[in-house]
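Below is one structure, written out as structure tokens, with a few remarks after it.
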Amino acid sequence: MRQSSSIYVILKVALHICGVQGLAIHSHLSEATRSSSELFSLPSNEPPSGVSVTRRSTLRVATWVATAAGLGTAPEAGAEGGYRAAKRPTSYLVDSTQPPTLIPVDTVRKQMGVLSGLGQGSGTVKTAVINDKVNLNNILNKAVFGTIEAISELSGPEKEETNSGTGYASFLCMGIPGEATSADVDLATSLLGTVLRARKQDSALGFWFCPLSSQSDLDAYSEYGDEEDLLASLERKGVSAGTVSMYLPLFRTARSNSLKLLALAPETEDVAVARSSGLQNVNPDRRGAYVADTTGFIALSQDPKFRVYSERSLLKDFVSIGSEDQISNFFAERILVHEAAATAVAKYSVTKPDSFVALIAPTPDVRFLQGINGRIPRLCKFFNPANNKVTDNAVTTILLNPTASETLSKSRYLRLEIGTGPETLAYQSKIADYLWFSSSPKVNMIPRLMNG
């Protein structure tokens, strides 16, 4: 009886503190006949007659009390009142450890904070998260793989980037599955809409499938909003009506938020020429528009980190389209597409301080941070060498509904990095900055998960 009385007093105090006056706990206490409001009016600290207080019923009420106070999440009732696991997170930060690890963005508040920060131009820092609430698994992982450096290095002052003013812009690259569905587009639209709520400065949205010659068509849509004309105009430029129709929610969001629409792709015939006979045979005038920074473009292909990316990611997508098709021409095609998109994005941003550009592209074109996204900082510096403030941190990459196969994994788990061998560890690249899902992914997809 003493234990029952003590539990009863605790429940009364907890309910009073949380202000849950209307919670009818008689449904959670076996054979209960009183509501919580009646319980508060009882002068005695003994359970009223007819109320049986058991440990199990106490746990049930305690769960509901903690939930009402914002201290926990109530378990969902499964079949016949059984326990059902709480929903798993739908978004994850890819931490820049070696190897990369996943940190769940596990509350709406955290997700809103991430997206609002991107809208304000914060970008995403590419160094590992050092958290004072790290668990043993984090410590061992970071110690073993060398991401916890000497104490003097950790405690030393770091140079702060100036994320505003002339020469600064921020970028959001959203990687969408190759065989995109309306759910993928809806997710992109939702995330972009949240980001834009924090925006006041110039903003733009670029589409990887719109050739540069369609820029006037995009401008006409922005002004008049004629979707039928947009469909017809882009179809004449080689874009399928099905593709345009699927992405209409993003076009509408851009127009309603006064975003500049950007065409990012080379002309269809130029992509075909690059694939069939190499970059040297692309129309030289148009090639100059696609590749403005010729020196940087050539030098990049010799960069050791880019070479690891090319071998471990870019060239993995090669599928022969004919008996004379060569992997070298596939390489030429893809780097032309990436350079053209990054050039268009950088050109827009350099004349508009604190501008923000979001772009939509297939996952293979932005995964491992060395595709379109990896070229943007170099091109911003090329167009604005005196005042450029754009670094890798200004470019954030989010993969939407990624699959194991599109991350080049040979298992059910998502692949988080390339460059894991002793000779390539210095050039390791993580898959993206964030992974974002429309619904909770399967447990067997998520590797190296850390505490949030």
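Shown are Leu399, Val395, Leu369, Thr396; of these, the side-chain contact (heavy atoms from CB on, under 4.5 Å) with Cys173 is made only by Val395. Applying the side-chain contact (heavy atoms from CB on, under 4.5 Å) test between Tyr221 and each of Asp226, Leu230, Asp229 identifies Leu230 as the sole match. Residue Thr189 forms a side-chain contact (heavy atoms from CB on, under 4.5 Å) with just one option from Leu187, Leu192, Val185, and that option is Val185.
Going from atom CD of Glu235 over to atom OG of Ser245 covers 9.0 Å, rounded to the nearest 0.5 Å. Rounding to the nearest 0.5 Å gives a distance of 11.0 Å between CG of Leu336 and CZ of Arg286. Distance CZ/Arg367 to CZ/Arg415: 9.5 Å, rounded to 0.5 Å. Rounded to the nearest 0.5 angstrom, Ser310 OG and Gln370 CD are separated by 8.5 Å. Considering SG of Cys380 and NZ of Lys347, their distance stands at 12.5 Å, rounded to 0.5 Å. The NZ atom of Lys410 sits 13.5 Å away from the OG atom of Ser405 when rounded to the nearest 0.5 Å.
Side-chain atoms of Asp325 come within 3.5 Å of backbone N or O of Ile321 as a donor-acceptor pair. The backbone N or O of Gly119 lies less than 3.5 Å from a partner atom in the side chain of Arg199, making a donor-acceptor pair. A side-chain donor-acceptor contact under 3.5 Å links Tyr348 to the backbone of Ser203. Asp184 contributes no side-chain N or O that, together with a main-chain N or O of Ile176, makes up a donor-acceptor pair within less than 3.5 Å. Judged purely by atom type and a 3.5 angstrom limit, Gln215 uses its side chain to pair as donor or acceptor with the backbone of Leu261. For the pair Ser349 (side chain) and Ala346 (backbone), a donor-acceptor distance under 3.5 Å is present. With Arg448 contributing its side chain and Pro99 its backbone, the two residues share no donor-acceptor pair below 3.5 Å. Counting only distance, with no hydrogens or angles, the side chain of Gln280 and the backbone of Ser277 share a donor-acceptor pair below 3.5 Å.
If you check the side chains of Tyr290 and Asp270, you find a donor sitting under 3.5 Å from an acceptor. Side-chain atoms of Thr90 and Gln111 form a donor-acceptor pair, as typed in the model, at a separation below 3.5 Å. With hydrogens and angles left out, the side-chain atoms of Ser256 and Thr253 include no donor and acceptor closer than 3.5 Å. If you check the side chains of Thr407 and Ser409, you find no donor sitting under 3.5 Å from an acceptor. A donor-acceptor contact closer than 3.5 angstrom links the side chains of Ser438 and Asn401. Between the side chains of Glu267 and Ser213, at least one donor N or O sits under 3.5 Å from an acceptor N or O.
Across all non-hydrogen atoms, the minimal contact from Ala344 to Ala263 is CB-O, 3.8 Å. Contact between Leu248 and Glu227 at its shortest, heavy atoms only, is CD1-OE1, 3.8 Å. Taking each heavy atom of Asn329 and Ser276 in turn, the nearest pair found is ND2-O, 3.3 Å. Across every non-hydrogen atom of Ser301 and Phe306, the tightest pair is CA-CD2, 3.8 Å. Scanning both residues, Asn163 and Ser122, for their nearest heavy atoms gives ND2-O, 3.7 Å. Heavy atoms only, all atoms of each residue included: Gly322 and Ser320 are closest at O-OG, 2.8 Å.
In this structure the side chain of Leu93 never reaches within 4.5 angstrom of the side chain of Leu102, judged on heavy atoms. By the 4.5 Å heavy-atom criterion applied to side chains, Ser313 and Leu408 are counted as neighbours. Considering only heavy atoms from C-beta on, Ser164 comes within 4.5 Å of Asp354 through its side chain. Counting only heavy atoms from C-beta outward, the side chains of Leu400 and Leu191 approach each other to under 4.5 Å. Between Glu417 and Ile431, every side-chain heavy-atom pair lies at or beyond the 4.5 Å cut-off. When side chains are defined from C-beta on, Ser240 does not count as touching Phe209, because their heavy atoms never get closer than 4.5 Å. At least one side-chain heavy atom of Leu250 sits under 4.5 Å from a side-chain heavy atom of Leu205. When side chains are defined from C-beta on, Ile398 counts as touching Leu118, because their heavy atoms get closer than 4.5 Å.
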For Asp106 and Lys110: C-alpha separation, side-chain torsions, deciding distance, then whether salt bridge (Lys or Arg N to Asp or Glu O under 4.0 Å) applies. CA-CA 7 Å; Asp106 51 5; Lys110 290 180 182 179; 3.0 Å; yes

Worked check of ring-ring contact (aromatic ring centres under 6.0 Å, His included) between Phe318 and Phe330: CA-CA 7 Å; Phe318 172 69; Phe330 171 77; 5.6 Å; yes

Would Ile103 and Tyr92 satisfy side-chain contact (heavy atoms from CB on, under 4.5 Å), going step by step from the backbone distance to the final call? CA-CA 5 Å; Ile103 298 177; Tyr92 301 84; over 6 Å; no

Phe171/Leu359 under side-chain contact (heavy atoms from CB on, under 4.5 Å): CA gap, chis, key distance, verdict: CA-CA 8 Å; Phe171 307 85; Leu359 66 88; over 6 Å; no

Show your working on side-chain contact (heavy atoms from CB on, under 4.5 Å) between Met112 and Arg197 and close with a plain yes or no. CA-CA 10 Å; Met112 293 292 289; Arg197 293 190 194 118; 4.1 Å; yes

Would you check, one step at a time, whether the test side-chain contact (heavy atoms from CB on, under 4.5 Å) holds for Tyr434 with Val114? CA-CA 10 Å; Tyr434 291 92; Val114 168; 3.6 Å; yes

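Between Asp217 and Lys237 a salt bridge is recorded (basic side-chain N to carboxylate O distance below 4.0 Å). Between Asp392 and Arg378, none of the side-chain N atoms (NZ, or NE/NH1/NH2) sits under 4.0 Å from a carboxylate O, so this pair counts as no salt bridge. The pair Lys260-Asp219 meets the salt-bridge criterion, since a charged nitrogen lies less than 4.0 angstrom from a carboxylate oxygen. Under a 4.0 Å N-O distance rule, the pair Asp433/Lys430 qualifies as a salt bridge. Remark: Asp365 engages Arg334 in a salt bridge, criterion side-chain N to carboxylate O under 4.0 Å. Salt bridge Glu339/Arg375: present, at least one basic N to carboxylate O contact under 4.0 Å.
Residue Arg255 places its CZ atom among more than 12 non-hydrogen atoms of other residues, nucleotides or ligands, all under 6.0 Å distant. Counting heavy atoms of neighbouring residues, nucleotides and ligands inside a 6.0 Å radius, atom CD of Glu324 does not exceed 12 of them. No more than 12 heavy atoms of other residues, nucleotides or ligands sit less than 6.0 Å from atom CD of Glu179. The environment of NZ in Lys316 is sparse: at most 12 heavy-atom neighbours from other residues, nucleotides or ligands sit within 6.0 Å.
Note on ring orientation: taking the six-membered ring where Trp is involved, the planes of Phe207 and Phe251 are parallel (angle under 30°, cut-offs 30° and 60°).
Annotation: Tyr309 is not in aromatic contact with Tyr427 [ring centroid separation under 6.0 Å not met].
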